[in-house]
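Below you'll find the structure, written out as structure tokens, and then a few comments.
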Amino acid sequence: MRMIRMTQRALRVLIGGLRGMLGGTLALALLLSGCSDSDPPAGDAGVVARDARTAADAAVGNPYNTVTAVTAFHDGKTLVMAGSNIPTHPQGADENMNLGTATQCLHKVTMKLNAGPQLVVTTELGTLNGAPTADSVGTCDRTTVFGAPLTFTTSALLIENVAADGSCFDLRATYTGFAQEGRGAIAADGRSARYELYIAGVATGHRCADGPLGSKTVKLAGNPVTGDSVGTFVLQQ
């Protein structure tokens, strides 16, 4: 049984932030993060594989190494995160934990990247089984959709602090009533992007200056995030 290793206070802060940004609706899983152009291995093997791909991108020369290049990528494309590309801890919250309306069990997240740039994010929730009460832990069924899709559109998108080797950039996505911020990276071939976002004002240690995507530097309300909060969005042809 996997639990978020957080104090009750930190957990309440996280849940409050997730619920607050949704105005009481079911949880958003913008959860941006990622791995590769194909489904990655699970657990530690997946983290090692992501690190290897990042190093490979740097070795061949990643063209997404300026604000202009990263901004241009976020224009007119559709990216999808599904299956094993979904991290175990979207936004730092265990996908198997019952957090009420803030539960982070996901089926699929689709991002439409418009000029501006502007993100239109549509989230389809998965089904959490075996966790009937608040803070109990069950099993997230990512294959079975729960409820209607949720759609959110950014009012602003800030990209900055792009690494010279294309391995990381800082991102802040602002929506009506809430914002998310963290770090991202685009694969050198432009076929996928990785994102690691958290609720603004709750997380620390989640920027490129703190380390590459997936670094064990993130804290929520002062408590370390122990699970994987990095997932992959694959470009749709």
Side-chain angles (χ1 to χ4, degrees), residues 2 4-6 14 18 27-58 62 64 70 73-74 79-97 104-111 119 121 123 126 140 142 159 161-163 165-173 180-188 191-200 202-220 223-235:
R2 295 184 295 108
I4 300 177
R5 294 172 188 158
M6 304 172 66
L14 174 60
L18 289 167
L28 165 73
L30 214 188
L31 180 177
L32 289 90
S33 38
C35 303
S36 68
D37 299 339
S38 59
D39 287 354
D44 292 341
V47 174
V48 170
R50 285 200 300 272
D51 290 346
R53 279 187 289 272
T54 297
D57 281 351
N62 190 321
Y64 301 102
V70 173
F73 175 83
H74 293 86
L79 298 172
V80 172
M81 180 180 69
S84 58
N85 282 334
I86 300 171
T88 61
H89 286 63
Q91 301 183 109
D94 190 339
E95 66 176 351
N96 295 314
M97 180 177 283
Q104 294 292 291
C105 178
L106 309 178
H107 170 67
K108 181 171 70 173
V109 181
T110 301
M111 292 198 306
L119 301 183
V121 183
T123 297
C140 174
R142 297 177 178 177
I159 296 166
N161 303 322
V162 182
D165 62 0
S167 63
C168 193
F169 59 85
D170 287 339
L171 179 71
R172 180 182 173 90
Q180 289 183 315
E181 58 185 19
R183 48 200 172 190
I186 301 168
R191 294 174 56 196
S192 65
R194 298 173 292 145
Y195 302 90
E196 180 183 10
L197 292 186
Y198 302 88
I199 302 165
V202 175
T204 60
H206 58 310
R207 309 297 255 172
C208 292
D210 302 305
L213 277 74
S215 297
K216 297 304 181 183
T217 59
V218 183
K219 293 183 178 180
L220 297 178
N223 292 267
V225 173
T226 58
D228 180 16
S229 296
V230 181
T232 301
F233 283 79
V234 178
L235 179 66

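By the salt bridge (charged side-chain N to carboxylate O under 4.0 Å, His left out) test, K108 is found to be paired with E124, residues two or more places apart in sequence or in another chain being considered. For T217, the side-chain hydrogen bond (donor to acceptor under 3.5 Å, both in side chains) test picks out R183, with sequence neighbours left out. Residues that satisfy the side-chain hydrogen bond (donor to acceptor under 3.5 Å, both in side chains) test with R172, not counting sequence neighbours, are E181.
With contacts defined as side-chain heavy-atom distances shorter than 4.5 Å, the pair T204/Y198 does not qualify. The closest side-chain heavy-atom distance from M81 to T110 is not below 4.5 Å. Counting heavy atoms from C-beta outward, F169 and I186 have side chains that approach closer than 4.5 Å. Residues E196 and V218 meet the side-chain proximity criterion, which asks for heavy atoms closer than 4.5 Å. Side-chain contact check for V109 versus V80: every heavy-atom pair is 4.5 Å or farther apart. Between Q104 and D94 the shortest side-chain heavy-atom distance does not fall below 4.5 Å. The shortest distance between side-chain heavy atoms of P90 and E95 falls below 4.5 Å. No side-chain heavy atom of L235 sits under 4.5 Å from any side-chain heavy atom of S192.
Each of L213, D210, N161 was evaluated against C168; a single residue qualifies, L213, per the side-chain contact (heavy atoms from CB on, under 4.5 Å) test. A side-chain contact (heavy atoms from CB on, under 4.5 Å) with D228 is found for one member of V225, T226, V230 and no other, namely V230.
Closest of all the heavy-atom pairs between G227 and H89 is CA-ND1, 3.4 Å. Contact detail for A163 and S167: the closest heavy-atom pair is CB-OG, 3.7 Å. Of all heavy-atom pairs between F73 and A193, the closest is CE2-CB, 4.0 Å.
One N or O on the side chain of R207 and one on the backbone of L171 form a donor-acceptor pair closer than 3.5 Å. Without hydrogens or angle criteria, R142 side chain to I86 main chain gives a donor-acceptor distance under 3.5 Å.
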